[in-house]
Amino acid sequence: MKNFCVTFVACTLVIIGSVSRAHSQDTPKPARAATSRNGSHDFDFEIGTWKTHLWSLRRPLTDSTEWVESKGIVVVRGVWNGRANLVELVAEGPAGPFEFLNLRLYNAQTQQWSDYFATSKDGTFMKPMIGEFKNGRGEFFFQEKLNGRAMFFRSVISDITPDSCRFEDAFSDDGGKTWKVKGIAMDTRAKGESPRQNSDAPKPTPKNTSPENDGQQDFDFEIGTWKTHLWRLVDPLTGSTKWVEYEGTSIVRAIWDGRANLVELVADGSAGHFEGLNLRLYNPQSRQWSLNFAGSKSGTLSPPTIGEFNNGRGEFFSQETLNGRAILVRFIISDITPDSCRFEQAFSDDGGKNWEVNWIAIDTRVKGEA
């Protein structure tokens, strides 16, 4: 969960088996089929509101023994019926209030979780931790740099009960032989409380009250429930003109007082059932938004599409690959009214000289619904 002030690391185990020459003529026995484990509900225990007590080592991988203590509130919300979840943390430390966010996505093929972490200070995701639960204990890893040196990061979730759990973050600069604990969090469930009712919750970072429009409330218009009618080009950049049509519902929830938001989309059409989410984060330094999309089948986030609004129109861009080839992606939000808006995605394989539209959605607000 909370990679407080840190990122965490992915470690890949490679198991190499060898057969000696003395047994090379033996008939090999068929391998025992691995038991398939559905871990899509591993985080169900955590849904709800928690009080958290945090300790963070000020200078990790040194001889320092100085720890920084913080207290706060954690809210965990389920997405996709448990196959994803969103963690929001607001805490107060010696340097003042701070806010974290985790988006966890389950990959049914690998039976592992990806845990994406961001802070409200920069509005960007760090490299995801990857891992899984075994025997009631979750371990998640990734590789990153600290002070210019490559090292492993590990996050462990343990001591899980209905009303408490423990998180521990650690670094290793010797390939995982030894680990140095960087952070610890002890969470206890806040029974019968919600984020808005909890008087102990520290206040989040206040909005920018400057008269200049810095863009951090650009998506306020979209908070709520919408009916969506969308069209998708089946084979982009192939000359195809075959489109498929969907009807569905989109729910947009504000995070960090509007400086982030989560979009959950469910739709059905001629091509079947579709579930997607888009987590948008505002970067106060660049005054731009990053749009981070995931489909329920993949359990991973696509590269962020980054941009901003000008004159009531949002334009966002990224570079991705399609069929092994690098392409440019453009996403436009336009025709915004209190009760309707239009979304359009296009690809370019010639450096932006020409764009082919492959996704169109017309959203209409569902009045009276939260």
Asker: Looking only at heavy atoms, which two atoms of E320 and S318 are closest? And how far apart?
Answerer: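 Taking E320 first and S318 second, the nearest heavy atoms are OE2-OG, 3.2 Å.
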Asker: Test L103 against L277 for side-chain contact (heavy atoms from CB on, under 4.5 Å), laying out the working first.
Answerer: CA-CA 11 Å; L103 177 65; L277 65 80; 3.9 Å; yes
Asker: Verify the cluster assignment for M126 and F98: are they in a single hydrophobic cluster under the rule of side-chain heavy atoms below 4.5 Å apart?
Answerer: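 Yes, one cluster joins them.
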Asker: Do you know which two heavy atoms are closest between R365 and P338, and how far apart they sit?
Answerer: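 That would be NE-O, 2.9 Å.
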Asker: Quick check, are the ring centers of F43 and W113 under 6.0 angstrom apart?
Answerer: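 Ring centres of W113 and F43 closer than 6.0 Å.
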Asker: Which heavy atom of M129 sits nearest a heavy atom of S155, and at what distance?
Answerer: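 Smallest interatomic distance, heavy atoms only, reads SD-CB, 3.5 Å.
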Asker: Would a single hydrophobic cluster contain both V76 and F100, if residues Ile, Leu, Val, Met, Phe, Trp and Tyr are joined by side-chain heavy-atom contacts under 4.5 Å?
Answerer: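 Cluster IDs for F100 and V76 match.
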Asker: The criterion is side-chain hydrogen bond (donor to acceptor under 3.5 Å, both in side chains); which residues satisfy it with D44, sequence neighbours excluded?
Answerer: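 Per chain and number, D44 pairs via side-chain hydrogen bond (donor to acceptor under 3.5 Å, both in side chains) with H41.
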Asker: Under 3.5 Å, side chain of S164 to main-chain N/O of T188, donor-acceptor pair present?
Answerer: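 The answer is no, because no donor-acceptor pair under 3.5 Å joins these two groups.
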Asker: Mind checking the OG1-CD spacing from T225 to E264? Nearest 0.5 Å is all I need.
Answerer: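 It is 10.0 Å, given to the nearest 0.5 Å.
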Asker: Indicate if V266 and V263 have the same hydrophobic cluster label, given that clusters are the connected sets of ILVMFWY residues with side-chain heavy-atom separations under 4.5 angstrom.
Answerer: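 Different hydrophobic clusters.
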Asker: Which atoms form the tightest heavy-atom contact between G93 and S70, and what is the distance?
Answerer: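 Scanning both residues completely, I find the closest heavy atoms to be CA-OG, 3.5 Å.
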Asker: Applying side-chain hydrogen bond (donor to acceptor under 3.5 Å, both in side chains), name anything that partners E69, two or more places apart in sequence or on another chain.
Answerer: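 Here the qualifying residues are H53.
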Asker: Does a side-chain heavy-atom distance below 4.5 Å link I130 with S114?
Answerer: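 They are in contact (side-chain heavy atoms under 4.5 Å apart), so the answer is yes.
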Asker: Any side-chain heavy atom of R137 within less than 4.5 Å of one from V156?
Answerer: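 Yes, at least one pair of side-chain atoms sits under 4.5 Å.
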Asker: Output all residues satisfying ring-ring contact (aromatic ring centres under 6.0 Å, His included) with F125, sequence neighbours left out; order by chain, then residue number.
Answerer: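 If we apply the ring-ring contact (aromatic ring centres under 6.0 Å, His included) test to F125, skipping adjacent residues, the hits are Y116.
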Asker: Who are the side-chain hydrogen bond (donor to acceptor under 3.5 Å, both in side chains) partners of Q112, not counting sequence neighbours?
Answerer: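 Checked Q112 against side-chain hydrogen bond (donor to acceptor under 3.5 Å, both in side chains); zero matches.
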Asker: Are K227 and E247 ion-paired here, with the side-chain N under 4.0 Å from a carboxylate O?
Answerer: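 No, this pair does not count.
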Asker: Do you know which two heavy atoms are closest between V329 and W355, and how far apart they sit?
Answerer: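 So the two residues come closest at C-CZ3, 3.8 Å.
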Asker: Working to the nearest 0.5 Å, report the span between CG of D335 and CZ of R313.
Answerer: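 Separation between the atoms: 8.5 Å.
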Asker: Identify whether L101 and I306 are in the same connected component of the hydrophobic contact network (ILVMFWY, side-chain heavy atoms under 4.5 Å).
Answerer: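 No.
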Asker: According to the ring-ring contact (aromatic ring centres under 6.0 Å, His included) rule, which pairs have a member within residues 286-318, sequence neighbours left out?
Answerer: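 For residues 286-318, and leaving out neighbouring residues, the ring-ring contact (aromatic ring centres under 6.0 Å, His included) pairs sorted by first residue read F219-W289, F219-F309, Y282-W289, F309-F316.
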Asker: Can you confirm whether L54 sits close enough to F167 that some side-chain heavy atom of one is under 4.5 Å from a side-chain heavy atom of the other?
Answerer: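 No, their side chains stay 4.5 Å or more apart.
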Asker: Do M151 and K180 have side chains that get closer than 4.5 Å, going by heavy atoms?
Answerer: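 Counting from C-beta outward, M151 and K180 never come under 4.5 Å.
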Asker: Assess whether a salt bridge exists between E139 and K134, defined as any Lys/Arg side-chain N lying under 4.0 Å from an Asp/Glu carboxylate O.
Answerer: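 Salt bridge absent between E139 and K134.
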Asker: With the side chain counted from C-beta on, respond yes when L279 and L301 share a heavy-atom pair under 4.5 Å apart, and no when they do not.
Answerer: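 L279 vs L301: side chains apart.
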Asker: What's the separation between atom CG in D218 and atom CG in D220, rounded to the nearest 0.5 Å?
Answerer: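 It is 8.5 Å, given to the nearest 0.5 Å.
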Asker: Using a 4.5 Å cut-off on heavy atoms from C-beta on, say whether the side chain of E356 contacts that of P236.
Answerer: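 They are in contact (side-chain heavy atoms under 4.5 Å apart), so the answer is yes.
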Asker: Could you check whether R330 pairs with E315 (Lys NZ or Arg NE/NH1/NH2 to Asp/Glu carboxylate O, under 4.0 Å)?
Answerer: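 Judged by the 4.0 Å cut-off on N to carboxylate O distance, R330 and E315 do not form a salt bridge.
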Asker: If you compare all heavy atoms of W226 against all heavy atoms of V366, which two are closest, and at what distance to 0.1 Å?
Answerer: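 The answer is C-CG2, 3.8 Å.
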Asker: Taking everything shown except N323 itself, do over 12 heavy atoms lie less than 6.0 Å from its CG?
Answerer: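 No - once you tally the heavy atoms of other residues, nucleotides and ligands closer than 6.0 Å, there are 12 at most.
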Asker: I'd like to check the side-chain hydrogen bond (donor to acceptor under 3.5 Å, both in side chains) partners of T178; sequence neighbours left out, ordered by chain and number.
Answerer: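 Listed in chain order: D174.
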Asker: Determine, step by step, whether V181 and L57 satisfy the side-chain contact (heavy atoms from CB on, under 4.5 Å) criterion, reporting the C-alpha distance in whole Å, the side-chain angles of both residues, the deciding distance to 0.1 Å, and the verdict.
Answerer: CA-CA 8 Å; V181 175; L57 190 62; over 6 Å; no
Asker: Ignoring hydrogens and geometry, is there a side-chain-to-backbone donor-acceptor pair from R287 to G215 under 3.5 Å?
Answerer: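 Not at all, since once roles are kept as given, no pair shorter than 3.5 Å links the two residues.
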Asker: So, taking the atom named CG in L89 and the one named OG in S120, what distance separates them when rounded to the nearest 0.5 Å?
Answerer: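 Atom-to-atom, L89:CG and S120:OG are 10.5 Å apart.
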Asker: So, taking the atom named OG1 in T305 and the one named CD in Q345, what distance separates them when rounded to the nearest 0.5 Å?
Answerer: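 T305 OG1 to Q345 CD: 7.0 Å, rounded to 0.5 Å.
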Asker: Is it the case that K71 and T52 place a side-chain donor and acceptor less than 3.5 Å from each other?
Answerer: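 No - no donor-acceptor pair under 3.5 Å links their side chains.
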Asker: Indicate, with yes or no, if W359 and L322 share a hydrophobic cluster defined by side-chain heavy-atom contacts under 4.5 Å among Ile, Leu, Val, Met, Phe, Trp and Tyr.
Answerer: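 Looking at the clustering, W359 is in a separate group from L322.
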Asker: Kindly determine whether R342 and I360 satisfy side-chain contact (heavy atoms from CB on, under 4.5 Å), including the steps that lead there.
Answerer: CA-CA 7 Å; R342 185 180 193 273; I360 298 172; 3.8 Å; yes
Asker: Is the shortest side-chain heavy-atom distance between E168 and K182 below 4.5 Å?
Answerer: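 No, too far: nothing below the 4.5 Å cut-off.
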Asker: Answer yes when E222 and R280 have at least one side-chain N-carboxylate O distance shorter than 4.0 Å, and no when they do not.
Answerer: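 Yes, charged N to carboxylate O under 4.0 Å.
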Asker: For the CG atom of D42 and the CD1 atom of I157, what is their distance to the nearest 0.5 Å?
Answerer: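 The CG atom of D42 sits 9.0 Å away from the CD1 atom of I157.
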Asker: With side-chain contact (heavy atoms from CB on, under 4.5 Å) as the criterion, how do I333 and F221 come out once you've worked through the C-alpha distance, each side chain's angles and the decisive distance to 0.1 Å?
Answerer: CA-CA 12 Å; I333 305 175; F221 77 92; 4.2 Å; yes
Asker: Determine whether more than 12 heavy atoms belonging to other residues, nucleotides or ligands lie under 6.0 Å from atom CD of Q109.
Answerer: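 No, not enclosed.
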Asker: Closer than 3.5 angstrom, by distance alone: can the side chain of N278 be matched with the main-chain N or O of N292 as a donor-acceptor pair?
Answerer: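 Indeed, once roles are kept as given, a pair shorter than 3.5 Å links the two residues.
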